[in-house]
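Data first, discussion second: the structure below is written as structure tokens.
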Amino acid sequence: MLINEGNTNVFIVTDAVLNKLGIPAKVTDYLDAKNISYHVYDGITPDPTFNVVEEGLRQSIAANCDAIIAIGGGSVIDAAKMIAMSQGNKCKPQQLIGILKARKPSAPLYCVPTTAGTGSEATLGAVISDDKTHQKALSIDPRMVPLAAAIDPIIMKGMPAHITADTGIDVLTHALEAWMSANASVETDYYAASAVKSVMHYLPLAYKDGGNLKAREEMGIAAHYGGIAFNKAGLGYVHAIAHQLGAYYSIPSWSC
Ligand SMILES: NC(=O)c1ccc[n+]([C@@H]2O[C@H](COP(=O)([O-])OP(=O)(O)OC[C@H]3O[C@@H](n4cnc5c(N)ncnc54)[C@H](O)[C@@H]3O)[C@@H](O)[C@H]2O)c1
Ligand SMILES: [Fe+2]
């Protein structure tokens, strides 16, 4: 898709852990083979702040990149969404906080999720932490939804058991909160129920044996379905509490 769209210089957003594990290399090897140039930024931290987003934006503009690929969990994908939207709108990421703040489309954004958790690759929001106010700031805009996502169980098979469990419970929470939402519909119930069934069956399998590719794939799809469900139906009290505690004490949302 990237090639069909004519992108020739790609900005890769990831984190240092994933870069050390060689996960982005699975994508960059392909780009090398296709003679597509790229610049890797691995500065994203869990629960990314405006500082790391601004640094990514600065590097993407300096490298004159025409598309962005996020390779990581929800933290990387959210940061990449903000970099892409800020680049497309020629604005600071802070100006995009709120609902429908963008005036122009995002720079082209593609995602490779490495956790089966947030479903951020399917959603129209991004969460950025403000380390000064200790609040999580939300940007919501349909233009933020990535153009495409590659859900690849091979990329997820090395995920440690505790991250598999924690992010998998995030999927369950998304699906249950969307299911119980007053804004739920037949469509969102379908995705939420599918995600719940998959988590109940496949999360214990993926936890026990990270190399079980069937379980990894089903969890990747469940995370995506959870994202589709809450994207329209919304979330509930668990996330309302988790966002406050997470922002204040810098603990991941699934630990709250
Ligand atoms: N935009 C949305 O729709 C949405 C929804 C829910 C949560 N979020 C946000 O997503 C963030 C959390 O994302 P997350 O739960 O995916 O975790 P994460 O992206 O913060 O990653 C957690 C840790 O796991 C590591 N990791 C990720 N994939 C790995 C792999 N395959 N192998 C080994 N290590 C790996 C990362 O390096 C990191 O240290 C939070 O900031 C939250 O606010 C966004
Ligand atoms: Fe969540």
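In listed order, ligands and their atoms are each counted from 1. Quantities reported herein were computed from a predicted structural model and do not represent experimental measurements.
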Checklist entry - What N, O or S atom of Asp170 is found closest to the Fe ion (ligand 2)? => result OD1
Would [X] count as a contact of ligand 1 if the rule is a heavy atom under 4.0 Å away?
| X | value |
| --- | --- |
| His239 | no |
| Gly117 | no |
| Ile155 | yes |

Does an N or O anywhere in [X] fall below 3.5 Å from an N or O of ligand 1?
| X | answer |
| --- | --- |
| Asp170 | no |
| Gly74 | yes |
| Thr167 | no |

Next on the checklist: Angle at the Fe ion (ligand 2), NE2 of His239 to NE2 of His174, rounded to 10 degrees, please.
Outcome noted: 100°
Checklist entry - Which bit of Asp15 is near ligand 1, meaning a heavy atom under 4.0 Å away: side chain, backbone, both or neither? => result side chain
Checklist entry - Can a salt bridge be assigned to the pair Asp130 and Lys136 using a cut-off of 4.0 Å between side-chain N and carboxylate O? => result no
Item to check | Check ion pair Arg58-Glu54 (N to O, under 4.0 angstrom) | outcome: no
Item to check | Lys104: salt bridge (charged side-chain N to carboxylate O under 4.0 Å, His left out) partners, not counting sequence neighbours | outcome: none
Checklist entry - Asn9 and Ser37: side-chain hydrogen bond (donor to acceptor under 3.5 Å, both in side chains), yes or no, with the steps? => result CA-CA 5 Å; Asn9 187 17; Ser37 54; 3.3 Å; yes
